[in-house]
Structure formats: C-alpha cells, structure tokens
Amino acid sequence: MDVPTTPTRAPSAGDLRPLIVHGDNLVFLRQLDPGSVNLIYIDPPFNTGKRQTRRTVHARRTSEPSASVGFGGARYERQVVARQSFADAFDDFGAFLVPRLEEAYRVLAPDGSLFVHLDPRESHYAKIWLDQIFGRASFVNEIVWAYDFGGRSRKRWSSKHDVILWFAKDPEDYTFDFDAMDRIPYMAPGLVGPEKAKRGKTPTDTWWHTIVPTSGREKTGYPTQKPLGIVERIVKVHSRPGDLVLDFFAGSGTLGEAASRCGRRAILVDVQKEAVQVMKRRLAFASPRVEVVGERPTDTAPISTPRLRGEAANDPVSLPAASGRVSVIAAAVEKYEHLQPLPGAARDAAVVRAMFETSDDLALYGGSTTILTNPTAGELRTAVLEYAATRSARGDVLVFYFSGHGCVVGETEFGFCTVDSKKSLDDAILPLSVVGFRDIVRTLAAVDVHPVFIVDACFSGAMITAAMQDSLHQNAGAAYAFLCSSYEATPSIDTGQGGAFTTALHDAARAGRSDPEGKRRPFLTLNDLSGPVQEALGRTGHPLSRCYLGPDLPPVPLVKNPAYKALCYTFSSYFNTLVDYLWNAGRPRSIKVKDIAEKVGNGAYGNHRKLSLPPWDLVEDEPKSGARRLTTRGKQYAQGKLAIPQVIEQDPETKAWRAAPDSIRVRKD
C-alpha cells in the first residue's frame with residue numbers, strides 16, 4: 001500500500017513543527033525540491049556487521065540468595081522491560097549509501113552543507129564517494145568527536161572517536177556563523193589572562209564531548225543515539241533561524257530536538273517503527289507532524305497514537321483540543337473514622353481546587369473538575385463510575401488526584417483509604433474497605449480512557465512496581481502516567497500546612513517554566529512538573545517522588561504556564577533598510593546572503609529570514625541561486641501600498657506565525 005498518495009510536503013516557512021517521516025529515505029528524498037534544504041546531518045548505519053541493540057533494565061528487591069547484592073546489602077533481580085535493535089550490516093555499503101548521498105547533494109541549497117557522521121571503519125570510503133559527488137574542493141573539514149567512556153582493549157589502542165565529514169555544496173559560499181559558536185575552556189587559563197579565560201576559546205576540528213549519559217534525562221534508550229551537544233553545535237553554526245534541516249537516518253531524533261531548540265524547521269526520516277515512536281515521544285514538546293511515505297515496510301505495524309476525542313491521528317494535544325477531553329477527579333481525606341487523621345489533606349484539597357478549577361493563572365478544566373472532600377469508598381467509586389458511564393468517545397484523559405492514607409494490598413494492588421476504611425484487630429487495613437487502584441484502571445480501560453494519577457499518599461510508589469505495571473499493561477496498554485509522592489516502602493509527609501508533595505506540586509505549577517524553551521509553552525505537562533517537584537522535595541529533605549510516563553500517552557496539559565511568553569518579532573528599522581536596498585528605487589534587485597552584512601548591515605544579515613514569515617512575507621529566496629529578493633507583497637510594501645503588523649508572534653500550538661493581538665499596522669513612508 002502506498003501512503004500517502006500525494007508527495008509529503010516539507011514544513012512551510014514559519015512552521016517550526018518537526019516533520020517525522022516513516023518510510024524509505026530514498027523514496028522521500030526523491031520527492032524533495034532541488035535546493036530546498038539548508039543543512040543535512042546524517043548518522044547512517046556504520047556497517048558494523050552487528051545487530052545494534054539497547055536494553056532497558058529495571059531492578060527490584062528480592063530475597064532470592066542468587067540475586068545480585070546492591071546498596072546496603074539488599075539483593076536485587078534485573079528484568080529486561082524493553083529492547084530496541086536494528087540490523088547494521090550491508091553486503092554492499094556503497095550501493096546502499098551512494099544513491100542517498102547523490103540525492104542529498106541535489107536537495108541542498110546553494111549555500112548548504114552536508115555532515116556525515118561515521119566511525120573509522122567506513123569514513124574513508126564515504127570520503128571518496130563524497131569527493132566524487134560534491135567535488136574534492138567541497139570538502140571542508142574532517143571533524144573528530146572524541147570521548148572517553150567504556151571499556152579498554154588489551155589488543156589495540158582503544159577506539160574512542162567517531163568521524164564527521166563536512167562537505168559544502170559551494171566551497172566559496174556556505175553558511176558558517178562564527179559568532180554562534182559555543183566556547184570551551186582553555187586547558188591552561190593562567191597563560192591567557194582572565195578576560196580570555198572567562199570568554200573561552202573556539203573549538204577546533206577535534207570535539208571532546210561525552211556520550212549520552214546512561215542515566216541522564218537526554219537518554220531515549222534508542223541504540224546509537226548521539227549527544228545533543230554535538231548536533232546542536234552543527235545546527236547553530238551551519239544554519240540560520242527558520243532554515244530547513246534534514247536527517248534522513250533520524251534514529252532517536254537528536255537533530256529534531258536541536259532544530260526545535262534553535263528555531264529551525266526539521267525533517268526527520270527513518271524506516272524503523274521504533275525510531276518513529278521514540279521521536280514522537282522525544283519531540284512531543286514541539287508538536288511534531290508524522291507522515292508515512294512510500295511502501296510501508298512489511299515488518300512494521302501501522303503507527304498508532306492514543307488520541308483525545310475528536311483529535312486527528314498524530315495531531316498534537318493542544319489547549320483547544322484538550323478542552324472537554326480532559327477531566328479531573330480529586331479526592332482529599334482529612335478525617336478518618338478508623339485511621340489516624342491527616343490535617344494537611346484539607347489544605348491539599350484547597351490547593352488542588354485552585355490548580356485545576358478556580359485559579360485564573362493555573363486552571364484549565366474548571367468545568368470538568370470534581371473535588372471530593374472526605375469521601376467514603378462508595379462515593380469515590382461512584383464518582384469514577386459516573387465519569388466512565390458518560391464517556392461516549394474513545395481516548396479521553398482522566399487526571400485522578402488523591403491525598404490521604406494509602407496501603408499496599410498483596411503484590412499487585414494499592415488501596416486508596418477513604419473516610420470509612422477499616423482495620424483488623426491486628427491493625428491491618430481491610431482490603432474490601434479501600435478503593436482498589438486496579439479497579440479504577442480496569443474501569444477506565446473499559447471505556448478507553450487514559451489515566452494520569454497524581455497521588456500524595458504513603459507507599460504510593462507501589463503503583464510503579466514491575467508487578468503492578470505488568471497488570472497495568474494488560475488493561476491500559478502504555479497510555480498512562482503516574483506522579484507519586486513516595487516509593488513503595490516509604491511514607492509521605494503530612495503537616496497542618498498540607499502534604500509536602502502537594503505543596504511542592506503547587507509551587508512548581510505557580511513558578512511555571514521560564515527557561516528559554518519552557519516559556520514558549522502556554523501549559524505545563526506532568527513531565528514539566530515532575531522535575532521541579534523532585535528538586536523541591538530533595539532540598540527540604542522529604543521523601544522523593546516517583547514519576548512514570550507511559551510511552552504512548554500524549555503530552556496532556558495539566559495547568560497553565562504562568563511564565564508563558566509568546567515568541568515575538570518586531571518590525572525594526574534595519575528591516576526597512578533591507579527592503580529599500582532590494583527595491584532599489586523601483587528597479588528591484590536581489591542580494592546573496594553572504595553579502596547582506598557588508599552591503600546592508602549586520603542587523604539585516606541577522607534577521608533577513610524573519611521577513612519571509614507569513615504575516616510579513618516581504619522577502620523570498622530566488623529558486624536557483626538562493627539569493628534574497630522582494631516578494632509581490634514586498635514590492636507593494638516598498639511603495640507604501642501595503643500595511644503590515646508591526647509585531648508578529650508564534651502560535652504555541654501550531655508553531656505558525658500570526659499578527660500579535662495588540663499590534664498596530666505600519667506602512668512605509
């Protein structure tokens with residue numbers, strides 16, 4: 001089956017959502033227009049002759065004497081919970097790679113560059129093939145990425161580097177933004193003086209950089225993942241904001257993340273189903289589009305993503321989309337008939353009501369939030385049942401919050417203790433008197449609702465044990481999430497001022513995300529909140545929380561981001577300077593990008609791409625040369641016949657550009 005029937009279109013100017021393409025990269029490359037891509041970075045299979053595999057292993061405590069001994073003398077057994085792999089062997093590596101390199105040359109813009117990342121086994125062959133395709137004069141650098149991690153050989157010098165070949169389509173005219181280059185420390189700062197030492201030095205063609213940390217947040221678990229720092233350096237120096245970058249061996253999608261962080265458009269192509277799934281999860285913050293091209297490989301199943309009601313396949317979960325599809329049930333139990341009271345739960349209820357229902361700065365789902373204070377087991381079950389019974393569509397999301405006592409029941413159950421929960425004579429909580437976690441999961445699974453659990457209760461980490469997750473996968477697949485206040489064997493801290501976990505959650509929501517990436521997002525997801533919550537609990541010495549995000553759960557908005565600021569551009573005087581130069585008193589002309597700084601000024605050089613954004617649309621590329629020229633609108637504006645918005649902003653959902661709501665319109669004198 002050929003999908004789609006029409007060629008896949010590259011992201012339009014101003015649309016910064018990454019495009020993930022599932023299919024044969026050679027088929028896709030032949031659909032791209034000549035000269036349409038500004039930068040290509042590829043990390044093709046290294047032809048190692050092996051099967052590249054990465055395992056994800058979870059450890060759990062056990063009493064088995066044969067198990068490994070770990071921290072504190074405890075014994076642990078390891079379970080492989082995920083495995084990703086692909087074959088990295090070709091009978092004729094050149095026959096596979098050369099046609100794709102030829103297409104890369106064709107689609108590169110006149111001032112574009114190609115970076116090919118290989119290991120020393122194949123880099124010398126690739127250099128010869130690229131010399132033949134690009135011409136020897138187009139070879140600019142062999143970059144060596146050196147790292148010092150892993151085992152050592154006793155038979156030869158240990159191989160601890162990769163090779164990145166840089167070829168420019170035009171060796172006399174290529175993008176190289178020296179000022180965008182990151183700086184590295186001097187090895188002997190005392191020899192260069194304090195000013196130079198503080199500024200650092202520019203890198204050479206040997207880049208020392210660690211591999212992706214095995215336990216760091218950057219790790220996706222995909223085999224052969226490359227560090228973001230390496231790829232981001234290439235993107236910053238060899239492309240400009242708004243440029244189109246391409247990786248047609250995309251793997252884990254590192255180029256896509258680098259492009260999104262740097263304001264570039266990205267196309268990511270891979271034939272592996274696992275790679276597409278990893279990229280969807282990794283780039284969820286950038287709302288990627290996913291398309292299939294060419295004949296789908298026979299060994300891959302159709303890509304499916306759990307969807308919110310009314311949401312098209314592969315569309316991002318946006319604020320408008322989430323409205324009416326996400327509901328909240330929150331229960332806080334302060335007064336217990338048979339258990340110790342929890343005075344802080346009353347404040348937890350007030351905090352959660354503000355977060356989800358009443359706060360203008362935070363609340364998203366005021367009309368679909370149910371707050372239960374001191375419910376009985378029957379009342380809590382009824383709330384979940386009534387919610388489930390009203391679901392007429394598939395793929396909605398329920399945020400279930402609970403503050404109160406919790407208990408572990410056997411190996412595969414966790415109980416939410418309600419006001420009427422009872423204990424036996426020997427002080428054990430009776431299972432029939434609590435609301436079972438798995439009962440809630442099964443009830444929601446029956447109507448295809450994806451649960452997001454936020455639980456402030458002792459031992460709540462029991463919901464993320466391996467045994468519990470095995471049960472969950474049978475009912476909810478992989479579309480669920482947890483944020484729990486403790487591990488399975490640790491208590492949660494309750495005070496009269498509220499639970500430490502819920503207080504940290506509220507503080508994280510009120511602070512929002514003000515980092516360069518986060519402040520461009522109007523809402524916060526569970527992933528956004530989990531890190532700050534963990535840090536806050538660690539600072540105060542409270543038990544640490546646990547977070548688990550199911551790989552198939554869309555990034556669900558939980559609260560508004562109080563630190564949100566739309567990305568805006570203001571039409572400045574140097575824009576008019578460039579327009580005047582191109583208009584040339586009624587005799588329109590073009591200018592090569594490399595000449596803009598010299599002939600028009602540095603301000604125009606650094607911002608000329610912004611004039612192509614849709615609300616303005618004044619300047620465009622000439623199809624063959626790539627030189628900049630006025631559009632029809634640009635000519636009208638140059639003559640004072642067209643008014644344009646002074647300020648434009650990027651829509652946080654679609655990444656498209658639009659006139660800012662309060663912007664005035666300006667016309668050239």
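Residues take their numbers from the sequence shown, with the count starting at 1. Since we're looking at a predicted model, the values are computed, not measured. Note that these values count all heavy atoms, side chains included, but never hydrogens, waters or copies made by symmetry.
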query: Hey, mind stepping through T503 and V351 against side-chain contact (heavy atoms from CB on, under 4.5 Å) and telling me if it holds?
result: CA-CA 8 Å; T503 299; V351 163; over 6 Å; no

- line: For C417 and V333 the tightest heavy-atom approach is O-CG2, 3.8 Å

- prompt: So which heavy atom on W657 is nearest to which on L567, and how close?
  reply: CZ3-O, 3.5 Å

query: Would the F437 and F482 ring centres measure less than 6.0 Å apart?
result: yes

Main-chain N/O of C262 paired with R264 side-chain donor or acceptor, under 3.5 Å: yes

query: Judged by atom type as modelled, is there a donor-acceptor pair below 3.5 Å linking the side chain of S421 to the main-chain atoms of T418?
result: yes

- request: Report yes if some heavy atom in the side chain of K565 is under 4.5 Å from a heavy atom in the side chain of R520; otherwise report no.
  value: yes

- prompt: Distance-only, no hydrogens or angles: does the D651 side chain make a donor-acceptor pair with backbone N or O of A656 under 3.5 Å?
  reply: no

- prompt: After noting the C-alpha distance and the side-chain angles of E386 and T370, does the key distance pass the side-chain contact (heavy atoms from CB on, under 4.5 Å) rule?
  reply: CA-CA 11 Å; E386 288 182 350; T370 301; over 6 Å; no

- request: Please tell me if the side chains of F501 and V455 come closer than 4.5 Å, counting only heavy atoms from C-beta onward.
  value: no

- prompt: Going by atom types alone, do Y387 and T443 pair a side-chain donor with an acceptor below 3.5 Å?
  reply: no

task: Evaluate the criterion side-chain hydrogen bond (donor to acceptor under 3.5 Å, both in side chains) for residue pair S424 and D426; output intermediate values, then yes/no.
output: CA-CA 5 Å; S424 67; D426 58 358; 2.2 Å; yes

query: Taking D456 for the side chain and S485 for the main chain, is one N or O donor matched with an acceptor at less than 3.5 Å?
result: no

query: Taking C-beta and beyond as the side chain, do I454 and V352 meet within less than 4.5 Å on heavy atoms?
result: no

- line: In this structure, CG of L483 is separated from CD of Q534 (nearest 0.5 Å) by 9.0 Å

Check: R521 main-chain N/O paired with N561 side-chain donor or acceptor under 3.5 Å: yes

Pairwise distance CG(L432) to NZ(K422) - rounded to 0.5 angstrom: 11.0 Å

field: Short side-chain to backbone donor-acceptor contact, S433 and L430, under 3.5 Å
entry: yes

statement: Separation between CZ (R513) and CG (L529), nearest 0.5 Å, reads 10.0 Å

message: Within the structure provided, determine whether K560 and L364 are in side-chain contact (heavy-atom separation under 4.5 Å).
response: yes

- line: Looking only at heavy atoms, the pair that brings L526 and A481 closest together is CD2-CB, 3.7 Å

- prompt: How long is the gap from OG1 on T373 to CZ on R353, to the nearest 0.5 Å?
  reply: 6.0 Å

message: If you count heavy atoms of other groups shown closer than 6.0 angstrom to CG of D360, is the number above 12?
response: no

- request: Would you name the heavy atoms of V290 and V276 that are closest together and state the gap between them?
  value: CG1-CG1, 4.1 Å

query: Would you say the side-chain atoms of R282 pair up with the backbone N or O of S252, donor to acceptor, closer than 3.5 Å?
result: yes

field: Pairwise distance CZ(R289) to CZ(R17) - rounded to 0.5 angstrom
entry: 5.5 Å

task: Quick one: closest heavy-atom pair of L380 and P375, and the distance?
output: N-CB, 4.4 Å

query: Would E257 and F285 satisfy side-chain contact (heavy atoms from CB on, under 4.5 Å), going step by step from the backbone distance to the final call?
result: CA-CA 9 Å; E257 181 171 351; F285 72 90; 4.2 Å; yes

- request: Give the ring-plane orientation class for F416 versus F414, where under 30° counts as parallel, over 60° as perpendicular and anything between as tilted.
  value: perpendicular

query: Heavy atoms, side chains only, cut-off 4.5 Å: are E649 and P661 in contact?
result: yes

query: Should I429 and H405 count as side-chain neighbours, where that means a heavy-atom distance under 4.5 Å?
result: no

- prompt: Side chains of D528 and F523: closer than 4.5 Å at any heavy-atom pair?
  reply: no

message: Test your reading of the model: is there a side-chain donor-acceptor pair from S403 to the backbone of A332, 3.5 Å cut-off?
response: no

query: Would F453 and V441 count as a side-chain contact (heavy atoms from CB on, under 4.5 Å) if you check the C-alpha gap in whole Å, the side-chain angles of each, and the deciding distance to 0.1 Å?
result: CA-CA 10 Å; F453 290 95; V441 171; 3.9 Å; yes

- prompt: Can N527 and T525 be counted as having a side-chain donor-acceptor contact under 3.5 angstrom?
  reply: no

- request: State, with a plain yes or no, whether a side-chain heavy atom of I440 is found less than 4.5 Å away from one of L398.
  value: no

field: Heavy-atom donor-acceptor pair, D420 side chain to A377 backbone, under 3.5 Å
entry: yes

- prompt: To the nearest 0.5 Å, how far apart are CE in M355 and OH in Y365?
  reply: 11.5 Å

- prompt: Which atoms form the tightest heavy-atom contact between T254 and P227, and what is the distance?
  reply: CG2-O, 3.9 Å

task: Please check if the side chain of N374 supplies one atom and the backbone of V419 the other of a donor-acceptor pair under 3.5 Å.
output: no

